[in-house]
Amino acid sequence: MYHAMITPVAPIGVARRAPRRMYGWRARIGHLNPSPATVGMEEWRAAAPPGVSFVGSRYRMERNDRASHDQMLQELERAAREVATAQVDVIVQCSTLAAIGREAEIRERIEAATGIRALTVLGSVVAALRATGARRIALATPYPEHQNAELAGYLAGEGFEVVAAQGLAKTHSAEFGAEEPHVFYRLGREVALRAIDAGEVDTLLLTCGNTRTFEVIEALEWDTGLNVVSSNQATLWNALRAVHVGEPVRGFGRLLSSPRLDRKPNLA
């Protein structure tokens with residue numbers, strides 16, 4: 001007796017399972033977070049192309065000040081070695097202000113400890129500003145005035161002029177992450193419009209990786225007419241560029257939606 005072979009079909013209303021693949025089949029990005037951070041990796045995961053995964057480690061930070069940054073960076077190699085065990089393709093050091101004056105040193109320390117290419121949030125912001133042709137910047141941050149001045153001075157040394165700056169005057173990173181996206185929309189729009197009224201400005205920079213900006217970047221671009229760069233957006237862009245993932249990421253500003261690979265990777 002002949003028995004036909006029947007292919008099982010999922011019942012009506014029950015979705016078929018997609019073929020299983022390992023997480024990070026396209027690229028794995030390591031992420032070294034200050035201990036209070038709650039935002040950066042979540043924004044990355046929400047925006048990343050399929051097949052890109054994130055592996056995180058943490059180093060302890062009590063306050064967002066230089067003394068705490070110095071203490072935190074004593075754990076840099078330990079945190080980097082932890083994510084390296086997941087066979088990541090690149091490692092990103094997070095904490096914008098902690099890298100001022102030692103950005104290259106931080107990258108070198110990570111690479112010496114792991115043998116894996118390293119990036120920083122601060123270096124990624126500078127790279128993104130250059131890629132977008134930024135010259136005159138309106139700066140919006142969660143920081144107090146003296147830290148805004150420190151960051152503006154660093155950016156000036158990299159060839160950018162900060163024509164207006166405004167912050168939320170907060171000192172604890174956990175406070176940054178507790179703010180809703182509309183807070184950074186209003187802050188960014190206010191400082192951008194003030195800079196526009198004062199003269200020539202081409203870019204709005206929303207800095208700090210523990211602030212929720214992905215939900216408001218495109219609205220700010222539409223409502224100010226400026227290019228908008230945020231710390232998490234710039235870092236995701238730079239990390240994807242480093243691992244040769246060129247797929248546009250739409251919905252999070254012009255930077256991520258534009259082609260990011262200058263040449264084809266050498267796959268030999």
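Being a predicted model, the structure only gives us computed values, none of them experimental.
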Across all chains, not counting sequence neighbours, the side chain to side chain contact (heavy atoms under 4.5 Å, CB included) partners of Arg66 are His69, Asp70, Ile100, Arg102, Glu150
Test of understanding: with side chain to side chain contact (heavy atoms under 4.5 Å, CB included), list the residues that count as partners of Glu247, not counting sequence neighbours. Arg26, Pro49, Pro50
Rounded distance [0.5 Å steps], [atom1] in [X] versus [atom2] in [Y]:
X      : Y      : atom1 : atom2 : result
Leu76  : Arg107 : CG    : CZ    : 12.5 Å
Arg81  : Ser57  : CZ    : OG    : 12.0 Å
Ile110 : Leu119 : CD1   : CG    : 8.5 Å
Leu236 : Trp44  : CG    : CH2   : 6.5 Å
Gln93  : Ile106 : CD    : CD1   : 4.0 Å
Leu187 : His182 : CG    : NE2   : 12.0 Å

Side chains of Ser231 and Thr207: donor-acceptor distance under 3.5 Å anywhere? yes
Quick one, Glu190 with Arg186, criterion salt bridge (Lys or Arg N to Asp or Glu O under 4.0 Å). Give me CA distance, side-chain angles, the key distance, then yes/no. CA-CA 6 Å; Glu190 182 177 342; Arg186 293 185 178 186; over 6 Å; no
Please enumerate all residues that pass ring-ring contact (aromatic ring centres under 6.0 Å, His included) together with [X], with sequence neighbours excluded.
X      : value
Trp237 : none
Phe214 : Phe252
Tyr59  : none

Would Val229 and Leu204 count as a side chain to side chain contact (heavy atoms under 4.5 Å, CB included) here? Give the steps. CA-CA 6 Å; Val229 172; Leu204 170 62; over 6 Å; no
Could you tell me which non-hydrogen atom of [X] sits nearest to which non-hydrogen atom of [Y], and how far apart they are?
X      : Y      : answer
Ile91  : Ala80  : CD1-O, 3.9 Å
Ala138 : Ala192 : CB-CA, 4.0 Å
Ala195 : Val163 : CB-CG2, 3.8 Å
Ile217 : Gly253 : CG2-CA, 3.6 Å
Met41  : Gly56  : CE-CA, 3.4 Å
Leu255 : Ala234 : CD2-CA, 3.8 Å

Heavy-atom count check: over 12 atoms from other residues, nucleotides or ligands less than 6.0 Å from [X] [atom1]?
X      : atom1 : result
Arg45  : CZ    : yes
Gln71  : CD    : no
Glu111 : CD    : yes
Gln87  : CD    : no
Arg130 : CZ    : yes

List the steps and the verdict of side chain to side chain contact (heavy atoms under 4.5 Å, CB included) for Leu226 and Glu221. CA-CA 5 Å; Leu226 303 177; Glu221 288 185 335; over 6 Å; no
Between [X] (side chain only) and [Y] (backbone N and O only), is there a donor and an acceptor less than 3.5 Å apart?
X      : Y      : value
Arg28  : Val90  : no
Ser68  : Asp65  : no
Thr85  : Glu82  : yes
Gln147 : Asn64  : yes
Arg189 : Thr224 : no

Note: Arg254-Glu218 ion pair, threshold 4.0 Å (strictly below): no
Between the side chains of Glu75 and Arg58, is the shortest nitrogen-to-carboxylate-oxygen separation below 4.0 Å, so that they form an ion pair? no
Flag side-chain contact, heavy atom, 4.5 Å: [X] against [Y]:
X      : Y      : answer
Thr213 : Gln233 : no
Asp89  : Ile116 : no
Val201 : Ile137 : no
Leu205 : Val162 : no
Leu139 : Val191 : no
Leu168 : Phe184 : yes
Leu129 : Thr203 : yes
Tyr185 : Leu206 : no

What residues form a side-chain hydrogen bond (donor to acceptor under 3.5 Å, both in side chains) with Glu77, not counting sequence neighbours? Arg109
Report the C-alpha distance between Thr132 and Asn227 in whole Å, list the side-chain angles of each, state the deciding distance to 0.1 Å, and finish with yes or no for side chain to side chain donor-acceptor pair (under 3.5 Å). CA-CA 8 Å; Thr132 56; Asn227 287 327; 4.9 Å; no
Determine whether Cys94 and Val92 satisfy the following criterion, side chain to side chain contact (heavy atoms under 4.5 Å, CB included), listing intermediate values before the conclusion. CA-CA 6 Å; Cys94 301; Val92 180; 4.2 Å; yes
Step by step, would you call Ile29 with Val55 a side chain to side chain contact (heavy atoms under 4.5 Å, CB included)? CA-CA 6 Å; Ile29 298 171; Val55 179; over 6 Å; no
